[in-house]
Amino acid sequence: MPELPEVEVTRLSFADRIAGARIESLRMGKPLRWPLGVEPERLVGQQVLGVRRRGKYLLIDLSDGLLLLHLGMSGSLSFGQNLGPPGVHDHCDLRTSQGVLRLNDPRRFGAVVFADGENAPVAQKLLGRLGVEPLGVAFDLQQFVTALKGRKAPIKQVLLAGDVVVGVGNIYASEALFLAGIRPTTRACRISRVRVAGLREAIQNVLARAVEKGGSTLRDFSNAQGESGYFQLEAMVYGREGAPCRVCGTPIKAIRQGQRSTFFCQVCQKS
DNA sequence: AAAAGCCCCTGGATGC
DNA sequence: TGCATCCAGGGGCTTT
């Protein structure tokens, strides 16, 4: 579910409320994608310094270590004082002096991993080869051009891979390519500099807009306060197979790329 | 080095 | 109503 906007919206919905809290206990439920890596007691008594985001990971800075959190495909967080008893898909309860942070994740592709610091091997394994942050100043045009020059794969899949630029998942890849007028199947290395510049802006715009709208709630996403997102209502192509293009009226096409669905307009995205 | 496939897992929608 | 099949926001790992 969660791409950069959903993860960022989630972060914004509880970061201030959990900052400064003291950890009282950590309960882990069914196994997630990776083990926590330490005994839960390791965290007890530590203070939460803040919450950052790197790509689709949330980084909870502790007084002695770091908690890496990933929502996978179906994860969502809740933070509150009265969450009630954990349900069958609540696989992590981090109880703090300011409330409980709970991960609900039916498919369990998500993860909660403890690392001694950002340079610890486990943190490096997960964060080490992530690409540039698309909403940061480091998302430089020349670097983007150079990176894409070295890729013969379809641009949609290069965006999804996350080693050039992070945070762009299946929804926003289709959306950004539509805004840039680029066909998803075009080889990354074949896109002209001018069009790469347009793609960079499209990525920035679509992600920023999605954050503003609270993310996309397709099935059941909500932020840590339980609020839904609304970006899906203004999606130009994602999930709109057969529906008229909002620009030219041509029916939107759906194809498969690397076992994921891709949506585009064959008129607005000629190449 | 890059690209392509394969999984991990549960649940909802669809079709017979 | 019951059951099989397909699909879903991700991404690390293995194999070409």
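In the text below, chain A, chain B and the rest are named by the order of the sequence lines, each starting its count at 1.
Here the straight-line distance linking atom CG of L94(A) with atom CG of L62(A) works out to 8.0 Å at 0.5 Å rounding. In this structure, SG in C189(A) is found 7.0 Å from NZ in K152(A), a value given to the nearest 0.5 Å. Going from atom CG of D105(A) over to atom NE2 of H70(A) covers 10.5 Å, rounded to the nearest 0.5 Å. Distance check, rounded to the nearest 0.5 Å: CD of E234(A) to CZ of R209(A) gives 4.0 Å. The distance from atom CD of E118(A) to atom CG of L68(A), rounded to the nearest 0.5 Å, is 8.5 Å. Residue E227(A) holds its CD atom at 4.5 Å from CG of N223(A), rounded to the nearest 0.5 Å.
Here R187(A) lies out of heavy-atom contact (under 4.0 Å) with every strand. The residue F231(A) sits apart from the nucleic acid: no heavy atom pair falls under 4.0 Å. No engagement by G258(A) is indicated, since no non-hydrogen atom pair under 4.0 Å with the nucleic acid exists. Nucleic acid contact for S174(A): none, since no nucleic acid atom lies under 4.0 Å from a heavy atom of the residue.
Separating the CZ atom of F221(A) from the P atom of dG12(B) is a distance of 19 Å, rounded to the nearest angstrom. Here the P atom of nucleotide dA8(C) and the CG atom of L218(A) are 11 Å apart, to the nearest Å. One atom, CD1 of I171(A), and another, P of dG11(C), lie 13 Å apart when rounded to the nearest Å. Taking atom OH on Y238(A) and atom C1' on dG9(C), their separation rounds to 6 Å, with Å as the unit. Taking atom CD of residue Q257(A) and atom P of nucleotide dA3(B), one finds them 13 Å apart after rounding to whole Å. dC9(B) atom C1' lies 11 Å from atom CG of L32(A), rounded to whole Å. Between the CZ atom of R256(A) and the C1' atom of dC6(C) there is a distance of 9 Å, rounded to whole Å. Rounded to whole Å, the distance from CZ on R33(A) to C1' on dG11(C) is 5 Å.
A donor and an acceptor atom, one from each side chain of E201(A) and N205(A), are nowhere located under 3.5 Å apart. Remark: the E6(A) side chain and the T10(A) side chain contain no N/O donor-acceptor pair separated by less than 3.5 Å.
The listed nucleotides are dG12(C), dC6(B), dG9(C); the one nearest the side chain of Q259(A) is dC6(B). Counting only heavy atoms from C-beta on, K56(A) has its side chain closest to dG11(C) among dG12(C), dG11(C), dG9(C). Among the nucleotides dG12(C), dG9(C), dA4(B), the one closest to the side chain of M73(A) is dG9(C).
Between H70(A) and dG10(C), a side-chain N or O to OP1/OP2 separation shorter than 4.0 Å is absent. The side chain of H89(A) contributes no N or O atom lying less than 4.0 Å from OP1 or OP2 of dC9(B). Dashed line: the shortest gap from a side-chain N or O of S261(A) to OP1 or OP2 of dG9(C) is under 4.0 Å. Contact check, Y57(A) against dG12(C): a side-chain N or O comes under 4.0 Å of OP1 or OP2. Phosphate contact (OP1/OP2 of dG11(B), side-chain N/O of S74(A), threshold under 4.0 Å): absent.
Contacts between residues 144-156 of chain A and DNA chain B, defined by a heavy-atom separation under 4.0 Å, are made by R151(A), K152(A), A153(A). Non-hydrogen atoms lying under 4.0 Å from DNA chain B are contributed by P106(A), R107(A), R108(A), F109(A), all within residues 106-127 of chain A.
In this structure, R240(A) forms no cation-pi arrangement with F263(A), as its terminal cationic atom is not both closer than 6.0 Å to the ring centre and no more than 45° off the ring axis.
Mapped onto DNA chain B by nearest heavy atom, V88(A) and V158(A) fall at different nucleotides, with V158(A) at the one closer to the 5' end.
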Please evaluate residues I255(A) and F264(A) with respect to the criterion side chain to side chain contact (heavy atoms under 4.5 Å, CB included), reporting the C-alpha separation (whole Å), side-chain torsions for both, the decisive distance (0.1 Å), and the verdict. CA-CA 9 Å; I255(A) 59 173; F264(A) 69 100; 3.9 Å; yes
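dC7(C) sits 16 Å from dG5(B) when the P atoms are compared, rounded to a whole Å.
The number of heavy-atom neighbours closer than 6.0 Å to CZ of R22(A), taken from other residues, nucleotides and ligands shown, is above 12. When the shell of 6.0 Å around CD of Q142(A) is examined, it contains more than 12 heavy atoms from other residues, nucleotides or ligands.
Taking the ring centroids of F178(A) and Y238(A), they lie at or beyond the 6.0 Å cut-off.
Counting only Watson-Crick or G-U wobble pairs whose defining distances are both under 3.5 Å, the stems of 3 or more consecutive pairs in DNA chain B are B:2-8 with C:10-16, B:10-16 with C:2-8.
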